[in-house]
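Reviewing the structure listed below.
In each ligand, atom 1 is the first atom listed, and ligand 1 is the first ligand listed. Just the heavy atoms: all of them, side chains too, but no hydrogens, waters or symmetry mates, feed the values below. Residue indices begin at 1 and follow the sequence shown.
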Amino acid sequence: MTGTPDPGARRIWVLIEQDAGQAHPVSWELLGAARRLASALDGAAIRVEAVLLGHGVRPIAEDAFRYGASRVYLMDAPVLAIYRNLPYAVGVSRLVQTYEPEILLIGATTRGRDLASAIATRLETGLTADCTELAIDPKLGILAATRPTFGGNLMATILCRKHRPQMATVRPRVLPMPMPMPLADASGEILPVEPGLSEADIPVRRLRLIPAEERLNLEHAPVIVAGGRGLGGPDGLPLLGRLADLLGGVVAVSRPLVDAGWISADHQVGQTGKTVRPRLYIAAGISGAVQHRVGMGDADFILAINRDPEAPIFRIADLGIVGDLYEVIPELIRQLQAMRDGAGHAR
Ligand code: FAD
């Protein structure tokens with residue numbers, strides 16, 4: 001490993017997640033959180049720094065400076081060109097052992113979850129996963145990481161007193177603060193670091209890459225049409241898809257539909273699925289269990305369609321339609337289509 005360790009410096013680290021040279025926005029959310037933690041801890045005496053792994057990813061380091069990192073540890077090597085757990089976990093763990101950050105924050109994305117647990121295991125430290133709030137405990141001056149527990153009914157604040165770094169993952173768009181604005185003019189230090197691994201050390205090979213257009217980006221979708229057990233079967237999903245297409249949105253589901261194998265897990269919203277904040281969330285045939293609500297309750301506008309007027313989803317809905325989704329949704333589609341056709345004729 002190259003680079004000059006500067007022992008004694010206190011640091012908060014954020015792992016910048018990137019895919020094919022594109023940084024995941026959760027990385028910038030976490031840099032914003034790291035800056036707030038640093039000022040709560042000790043202001044200027046704590047450095048907010050970023051760790052970036054990949055190949056040909058140096059331009060992302062410049063972005064990290066704009067979001068508040070003062071230094072980026074850059075492991076840029078062909079062996080890191082695609083994400084694989086082993087080289088990434090080994091790379092980050094070695095960096096941590098050398099520079100000893102007090103706190104390490106990682107996005108709770110699919111990749112971040114995979115990586116964070118492997119790093120925590122290697123470093124024999126604690127990991128608080130899926131946090132909804134990060135703060136500094138005023139008495140102890142250490143990370144107070146809050147996350148839901150007992151099925152989302154309680155919030156637990158977890159301290160990691162004895163081991164370092166204190167690790168936490170946070171799901172995209174969960175932190176209550178808005179996405180920090182990038183500074184137009186910011187610079188910092190890039191510290192290149194060798195990964196210390198070659199292709200021969202890695203037992204995993206990539207056989208196929210699923211193209212981006214086949215992947216679902218629920219977290220940043222402006223409109224979500226979500227279906228629940230009220231659909232009655234997988235045959236109802238194309239109906240949701242037609243409404244989503246008309247609204248420029250995507251389809252999501254509650255967990256029973258994933259458990260039943262009707263649709264893949266990346267469509268699931270909720271405690272064990274994704275957290276979303278669309279402008280419009282249509283919940284059709286979803287009762288509104290707390291484990292579902294924690295994933296979508298912050299949507300700007302919630303339209304609930306349910307034939308049970310007592311369904312809990314109506315308590316958080318901005319607009320509720322009591323009725324059979326198989327009558328309501330086709331009517332919504334018909335009216336939207338008519339509006340669209342009318343607009344087309346008027347032109
Ligand atoms: P139901 O609760 O069965 O509700 C179906 C609704 O459809 C009812 O309100 C009914 O009135 C209505 N309905 C039926 N037919 C029609 C029709 N034709 N037209 C209109 N309305 C109709 N759930 C999640 O969603 N996401 C999670 O991440 C998640 N994580 C969990 C984690 C844990 C640890 C646990 C214990 C549970 C979790 N769950 C999660 C499950 C959760 O508790 C609920 O069981 C689930 O959300 C219920 O899904 P649902 O609303 O689709 O089904």
Side-chain angles (χ1 to χ4, degrees), residues 107-110 112-113 117 128-132 146-156 158 169-174 216-219 221 224-244 249-278 280-299 302-335:
T109 58
T110 307
R113 286 169 197 217
S117 50
T128 310
D130 284 349
C131 300
T132 53
T146 302
R147 56 152 298 154
T149 187
F150 289 111
N153 291 317
L154 276 181
M155 301 302 281
I158 295 170
T169 64
V170 180
R171 285 200 253 174
R173 315 205 68 191
V174 156
L216 189 68
N217 188 357
L218 269 191
E219 288 98 331
I224 292 179
V225 180
R229 195 145 41 191
L231 280 179
D235 294 348
L237 289 167
L239 181 66
L240 302 185
R242 286 213 298 284
L243 182 56
V250 294
V251 169
V253 295
S254 62
R255 177 163 151 176
L257 282 64
V258 175
D259 291 346
W262 298 354
I263 194 165
S264 58
D266 55 345
H267 291 81
Q268 182 186 320
V269 168
Q271 186 191 322
T272 42
K274 292 185 174 156
T275 301
V276 297
R277 279 191 185 178
L280 171 63
Y281 190 90
I282 301 182
I286 293 177
S287 59
V290 63
Q291 296 87 356
H292 188 79
R293 294 201 311 263
V294 292
M296 45 66 78
D298 285 334
I302 299 170
L303 165 61
I305 304 166
N306 198 303
R307 64 183 181 195
D308 174 8
E310 304 297 326
I313 192 78
F314 286 130
R315 284 185 226 137
I316 59 159
D318 297 283
L319 182 66
I321 301 178
V322 179
D324 188 323
L325 69 93
Y326 285 104
E327 290 168 15
V328 175
I329 293 184
E331 180 59 19
L332 281 175
I333 291 173
R334 197 188 63 72
Q335 293 200 18

Under 4.0 Å to a heavy atom of [X] - the qualifying atoms of ligand 1, by number:
X: Asp324; value: 17 (C), 18 (N), 19 (N)
X: Gly228; value: 52 (O)
X: Ala289; value: 42 (C), 43 (O), 44 (C), 47 (O)
X: Thr272; value: 27 (C), 28 (O), 29 (C), 30 (N), 31 (C), 32 (C)
X: Gly273; value: 28 (O)
X: Val269; value: 24 (C), 25 (O), 26 (N), 27 (C), 28 (O)
X: Gly323; value: 19 (N), 20 (C)
X: Gly230; value: 5 (C), 7 (O), 13 (N), 14 (C), 15 (N), 16 (C), 17 (C), 18 (N), 22 (C)

Closest heavy-atom contact between [X] and [Y]?
X: Phe314; Y: Asp308; result: CE1-O, 3.2 Å
X: Gly323; Y: Ile305; result: O-CG2, 4.1 Å
X: Val170; Y: Cys131; result: CG1-O, 3.6 Å
X: Arg113; Y: Gly273; result: NH2-O, 4.2 Å
X: Ser264; Y: Val258; result: O-CG2, 3.9 Å

Which of the listed options, [options], holds the heavy atom that is closest to [atom]?
atom: atom 5 (C) of ligand 1; options: Ala311, Gly288, Gly270, Gly285; result: Gly285
atom: atom 1 (P) of ligand 1; options: Gly227, Ser287, Ala284; result: Ser287
atom: atom 22 (C) of ligand 1; options: Gln268, Lys274, Arg307, Gln271; result: Arg307
atom: atom 45 (O) of ligand 1; options: Arg255, Arg293, His292, Arg229; result: Arg229

#### Entry: Check against side-chain contact (heavy atoms from CB on, under 4.5 Å), Met296 and Lys274
CA-CA 9 Å; Met296 45 66 78; Lys274 292 185 174 156; over 6 Å; no
### Task
Give the contacting part of Ser254 toward ligand 1: side chain, backbone, both or neither, where contact means a heavy-atom distance below 4.0 Å.
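It is both parts that get close, each with some atom under 4.0 Å.
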### Query
Counting heavy atoms only, which part of Ile313 comes closer than 4.0 Å to ligand 1: side chain, backbone, both or neither?
neither
### Task
Measure the CZ-CD1 distance between Arg307 and Ile321 for me, rounded to the nearest 0.5 Å.
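Reported to 0.5 Å precision, the distance equals 15.5 Å.
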### Task
Using distance alone, decide if ligand 1 has a nitrogen or oxygen within less than 3.5 Å of any nitrogen or oxygen in Pro256.
no
### Query
Would you say ligand 1 has an N or O under 3.5 Å from any N or O of Leu257?
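No.
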### Task
Go through Arg255 and Thr272 one step at a time and tell me if the side chain to side chain donor-acceptor pair (under 3.5 Å) criterion holds.
CA-CA 8 Å; Arg255 177 163 151 176; Thr272 42; 3.2 Å; yes
### Message
I'd like to know if Gly295 contacts ligand 1, where contact means a heavy-atom distance under 4.0 Å to any ligand atom.
### Response
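No, Gly295 has no heavy atoms under 4.0 Å from ligand 1.
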### Message
Checking Ile224 against Val250 for the side-chain contact (heavy atoms from CB on, under 4.5 Å) test, could you report, in this order, the C-alpha distance in whole Å, the side-chain angles of both residues, the deciding distance, and whether it holds?
### Response
CA-CA 5 Å; Ile224 292 179; Val250 294; 4.1 Å; yes
### Message
So that I can tick it off, tell me whether Arg277 and Asp298 are bridged by a salt bridge, with the cut-off set at under 4.0 angstrom between side-chain N and carboxylate O.
### Response
yes
### Message
Between Thr275 and Arg171, is the side chain to side chain donor-acceptor pair (under 3.5 Å) condition met? List the steps.
### Response
CA-CA 7 Å; Thr275 301; Arg171 285 200 253 174; 3.1 Å; yes
